[in-house]
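First up is the structure itself, then whatever we jot down about it.
Residue numbering restarts at 1 for every chain, and letters A, B, ... go by the order of the sequence lines. Atoms considered below: every heavy atom in the structure, side chains included; atoms not considered: hydrogens, waters and symmetry mates.
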Protein chains: 2
Amino acid sequence: MNIGQASRASGVNAKMIRYYESIALLPEAARKDSGYRDYDEADVHRLVFVRRARDLGFSIDRIRDLLDLWNDRARGNADVRAVANAHITELQAQAQKLEGMIGTLQHLVKSCRGENRAECPIMADLSGGQVAPHYAANLAKTQRRLISVAKPSHIARFRK
Amino acid sequence: MNIGQASRASGVNAKMIRYYESIALLPEAARKDSGYRDYDEADVHRLVFVRRARDLGFSIDRIRDLLDLWNDRARGNADVRAVANAHITELQAQAQKLEGMIGTLQHLVKSCRGENRAECPIMADLSGGQVAPHYAANLAKTQRRLISVAKPSHIARFRK
DNA sequence: TCTAGACCTTCCCATGATAGGAAGGTCAAC
DNA sequence: GTTGACCTTCCTATCATGGGAAGGTCTAGA
């Protein structure tokens, strides 16, 4: 199986396959006499694994851990859950930051009606330096809302 | 005002100030006889503007637009709202993706109880290639939830 | 057998925002 | 005058991805 076929079968770009090999995320591929890389079903399976993990936002280093766990069948589910939970925590932090930004911007846009420049707080807020009162209030509000969405108390049950 | 003082006053790293100047996000700074960059209050004000916009997740290119709007007081609030709304839409897309990933992972972790490897779907799901039924169902669920959180119908009123 | 073109190889470069560091010049205080 | 804080430019790296050049290999058809 050439790299192109492995790429189509796994959904991982050929360029990325070579890159993953170069950073030792994947073992060195077998080679044909021509020098072409040669893949089999197991290789494709591993590529699919990597692609799925990337789709779920795992970093390359985290995927390294997951592949180790995958290769070592003796390792328990707790290890797997620990990696997944660490990743969930990271994603939640990102989501919280995003929701805070969205909430603040929505509030600013909502407060900016009409065409009178003086009445639009967006520019004023951006250039204000310190956090304007409505911004602080809105930030706290969106964070509370985000927390209720993410339900960390619920997640805590799964934390290592 | 040296770059260090401007940095402390604005909260923008000196390295970043030079970078922003090099990509023409900021005008070339005035120079003292020594060659040192020389900033005044207006410069600091602009730096604060950039920092606040970065904090809100605006890209450099979007900040370029915002600075143009800022410099051109004749432009109306609708222009400002348009930039902000475009950014909100981008942030919501990111948030939606994140929430989907979080939901999927939470579901997988929840389904992975005990220590029997066979009972843990995380690895199976990652290596599965196609989306497992519970993944698809969960994805749809988290997306609905995210949509209700982000309230796009509400935002639509402010779209250009 | 020759050739076209699809595919492969390695190597270099670019992205965006940020940061570290080297080598050397300037300033202020003691 | 010296020390140390600060400044300058220039080079490098990050992470994951992708574009492209220059050149080798394979396969199908004339």
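- When all heavy atoms of A:V80 and A:L69 are compared, the closest pair comes out as CA-CD1, 3.8 Å.
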*Audit row: A:D68, A:R64, salt bridge (charged side-chain N to carboxylate O under 4.0 Å, His left out) steps and yes/no*: CA-CA 6 Å; A:D68 285 347; A:R64 237 183 268 274; over 6 Å; no
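- Contacts between chain A and DNA chain C, taken as any atom within less than 4.0 angstrom of a protein heavy atom, begin and end at C:dC7 to C:dT10.
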Restricting both atoms to N or O, compile the protein contacts to nucleotides 1-3 of chain D shorter than 3.5 Å, with distance only.
none

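- Summarising the geometry, the separation between CG on A:N2 and P on D:dG24 is reported as 18 Å, rounded to the nearest angstrom.
- To the nearest angstrom, P of D:dT17 lies 16 Å from CD of A:E21.
- Side-chain atoms of B:R54 come within 3.5 Å of backbone N or O of B:F58 as a donor-acceptor pair.
- Remark: side-chain polar atoms of A:Q5 are paired, donor with acceptor, to backbone N or O of A:N2 under 3.5 angstrom.
- No side-chain heavy atom of A:H107 sits under 4.5 Å from any side-chain heavy atom of A:T104.
- Between A:F49 and A:W70, the ring planes lie parallel to each other; the angle is under 30°, not in the 30° to 60° tilted range.
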*Reading nucleotides 10-15 of chain D from the 5' end, what letters show protein touch, with B for base, S for backbone sugar-phosphate only, - for no heavy atom under 4.0 Å?*
------
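- Here the closest heavy-atom approach between residue A:L91 and residue A:L56 is recorded as CD1-O, 4.0 Å.
- Note: B:Q96 CD to B:Q94 CD = 11.5 Å, rounded to the nearest 0.5 Å.
- Residues from residues 23-35 of chain A with heavy atoms under 4.0 angstrom of DNA chain D, sorted by number: A:S34.
- Using a 4.5 Å heavy-atom threshold, the side chains of B:P27 and B:R46 count as touching.
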Side chains of residues 12-24 of chain B: which donor-acceptor partners sit under 3.5 Å, not counting sequence neighbours?
unit_1 : atom_1 : unit_2 : atom_2 : d
B:N13  : OD1    : B:K15  : N      : 2.7
B:E21  : OE1    : B:R37  : NE     : 2.9
B:S22  : OG     : B:Y19  : O      : 2.7

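- Under the 4.5 Å side-chain contact rule for hydrophobic residues, A:L47 and A:Y36 do not share a cluster.
- With A:N85 contributing its side chain and A:A82 its backbone, the two residues share no donor-acceptor pair below 3.5 Å.
- A:R18 comes within contact range of at least one nucleobase, with a heavy-atom separation under 4.0 Å.
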*Take B:D65 and B:R62 through the test salt bridge (charged side-chain N to carboxylate O under 4.0 Å, His left out) and record every step on the way to the result.*
CA-CA 5 Å; B:D65 296 341; B:R62 207 81 90 176; 5.5 Å; no
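- Counting heavy atoms from C-beta outward, B:I3 and B:D38 have side chains that stay 4.5 Å or more apart.
- Taking the side chain as every heavy atom from C-beta outward, A:Q106 and B:Q92 approach each other to under 4.5 Å.
- If one axis is set at each end of the helix from C:dT1-D:dA30 to C:dC30-D:dG1 from five pairs, those axes are 20° apart, to 10°.
- Residue A:N13 has a polar side-chain atom (N or O) positioned under 4.0 Å from OP1 or OP2 of D:dG18.
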